[in-house]
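Beneath this line is the structure, given in C-alpha cells, with notes to follow.
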Amino acid sequence: QSQLVESGGGLVQPGGSLRLSCAASGFTLDYYAIGWFRQAPGKEREAVSCISIGGGNTKYADSVKGRFTISRDNVKNTVYLQMSSLKPEDTAVYYCAAAAGYGSGWYPHSQNEYDYWGQGTQVTVSS
C-alpha cells in the first residue's frame, strides 16, 4: 500500500524549531514533487512549501520565507520541512503530499495535482 507518513510535530515555544519528516512507503519519491500544506482550525488548507522532483527548485509561502526550509533525501525516501523562528500563527496540522510529474525541475501549482496525501501531524506553537 502506497502511503505518506508525517512525523516530527509537537508543542514548541515561540521562536523555537521543529523538523517535520514525510516518509513514503510502497513507492519511491524519486519521481514525485513534494508539497507541505497546513490547516489551522476554522481555516482552509494552505500551501506552505514544495520541492521539485530533482530537488533543485523550491517554493515557499510568503508567511514562512526565511524561516522554513524544505529538503529531500531520496535515498531515505523522505522529505523534510525544517521550521525555525516559529510563531503562534504557525499552529496547524501539517500535511505532506506527493505529485507525479515530468522533469527534474517540475513541481505542481495546484493542490489538485497531488496524488498522495499523508494523515497530518499537529504543530502547536505556544508559550
Side-chain angles (χ1 to χ4, degrees):
Q1 183 179 359
S2 300
Q3 61 179 351
L4 295 171
V5 178
E6 302 94 336
S7 61
L11 174 64
V12 63
Q13 292 187 343
S17 299
L18 282 174
R19 188 178 78 158
L20 304 184
S21 299
C22 172
S25 62
F27 69 107
T28 175
L29 291 181
D30 289 7
Y31 307 106
Y32 289 82
I34 306 298
W36 282 98
F37 300 83
R38 66 186 181 186
Q39 187 167 22
K43 295 188 177 181
E44 292 188 354
R45 187 170 62 194
E46 64 174 352
V48 174
S49 181
C50 62
I51 188 166
S52 62
I53 292 173
N57 292 336
T58 58
K59 185 177 180 181
Y60 297 92
D62 288 343
S63 59
V64 306
K65 278 181 184 176
R67 301 188 298 120
F68 290 12
T69 303
I70 190 170
S71 62
R72 63 189 301 157
D73 184 339
N74 284 0
V75 173
K76 294 183 178 180
N77 218 25
T78 301
V79 173
Y80 305 98
L81 185 68
Q82 178 67 48
M83 306 186 296
S84 303
S85 302
L86 284 161
K87 305 174 181 179
E89 51 264 43
D90 294 318
T91 295
V93 178
Y94 283 71
Y95 301 89
C96 66
Y102 304 93
S104 63
W106 180 84
Y107 56 64
H109 297 279
S110 167
Q111 294 190 28
N112 294 332
E113 296 180 81
Y114 286 89
D115 303 293
Y116 299 103
W117 290 83
Q119 82 291 346
T121 186
Q122 176 70 46
V123 172
T124 301
V125 185
S126 175
S127 56

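Keep in mind that what you see is a predicted model, and the values were worked out from it rather than measured.
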Residues that [X] engages under side-chain hydrogen bond (donor to acceptor under 3.5 Å, both in side chains), provided they are two or more places apart:
{"X": "S85", "answer": "none"}
{"X": "D62", "answer": "K65"}
{"X": "Q82", "answer": "none"}

Ring pair (Phe, Tyr, Trp, His ring centres under 6.0 Å) partners of [X], counting only residues at least two apart:
{"X": "F37", "result": "Y114, W117"}
{"X": "Y60", "result": "none"}
{"X": "Y80", "result": "none"}

Are [X] and [Y] in one and the same hydrophobic cluster, where Ile, Leu, Val, Met, Phe, Trp and Tyr link if side-chain heavy atoms are under 4.5 Å apart?
{"X": "Y94", "Y": "V5", "answer": "no"}
{"X": "L4", "Y": "V48", "answer": "yes"}
{"X": "V12", "Y": "W36", "answer": "yes"}
{"X": "L81", "Y": "V123", "answer": "yes"}
{"X": "L18", "Y": "Y95", "answer": "no"}

Return each pair, listed once, that meets disulfide bond (SG atoms under 2.5 Å apart) where at least one residue sits in [range]; pairs must be two or more places apart or across chains.
{"range": "residues 55-93", "value": "none"}
{"range": "residues 54-127", "value": "C22-C96"}
{"range": "residues 56-92", "value": "none"}
{"range": "residues 23-64", "value": "none"}

Review point. Where do T91 and Q122 come nearest, in terms of heavy atoms and distance?
Key: CG2-NE2, 4.0 Å
Exercise for review: Compare every heavy atom of A99 with every heavy atom of P108, then report the nearest pair and how far apart it is.
Suggested key: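 Here P108 and A99 meet closest at CG-CB, 3.3 Å.
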Exercise for review: List the steps and the verdict of side chain to side chain contact (heavy atoms under 4.5 Å, CB included) for R72 and L29.
Suggested key: CA-CA 9 Å; R72 63 189 301 157; L29 291 181; 3.8 Å; yes
Check your understanding: If we only count heavy atoms from C-beta on, is the L20 to M83 side-chain gap below 4.5 Å?
Key -> yes
Review point. With side chains defined as the heavy atoms from C-beta onward, is the minimum distance between S25 and S2 less than 4.5 Å?
Key: no
Point to revise | Test log, rule side chain to side chain contact (heavy atoms under 4.5 Å, CB included), inputs Y107 and N57 | key: CA-CA 8 Å; Y107 56 64; N57 292 336; 3.8 Å; yes
Check your understanding: Which residues pass the salt bridge (Lys or Arg N to Asp or Glu O under 4.0 Å) test with E113, sequence neighbours left out?
Key ->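 Counting only residues at least two positions away or on another chain, E113 forms no salt bridge (Lys or Arg N to Asp or Glu O under 4.0 Å).
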Check your understanding: Going through the checks in order, is the side chain to side chain contact (heavy atoms under 4.5 Å, CB included) test met by Q3 and Q119?
Key -> CA-CA 9 Å; Q3 61 179 351; Q119 82 291 346; over 6 Å; no
Practice item. Drop me the distance from L86's CG to S126's OG, to the nearest 0.5 angstrom. Key: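 Rounded to the nearest 0.5 Å, the CG-OG separation comes out at 12.0 Å.
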Exercise for review: Starting from the C-alpha separation in whole Å, work towards a yes-or-no answer on side chain to side chain contact (heavy atoms under 4.5 Å, CB included) for K59 and I70.
Suggested key: CA-CA 9 Å; K59 185 177 180 181; I70 190 170; over 6 Å; no
Practice item. State yes or no: are the ring centers of F27 and Y116 separated by less than 6.0 Å? Key: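 Ring-ring flag for F27/Y116: true, centres closer than 6.0 Å.
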Taking [X] for its side chain and [Y] for its backbone only, find out whether a donor-acceptor pair lies under 3.5 Å.
{"X": "T121", "Y": "G9", "value": "yes"}
{"X": "N74", "Y": "N77", "value": "no"}
{"X": "S63", "Y": "A61", "value": "no"}

**Study point:** Pairs touching residues 28-41 that satisfy salt bridge (charged side-chain N to carboxylate O under 4.0 Å, His left out), sequence neighbours left out
**Key:** R38-E46, R38-D90
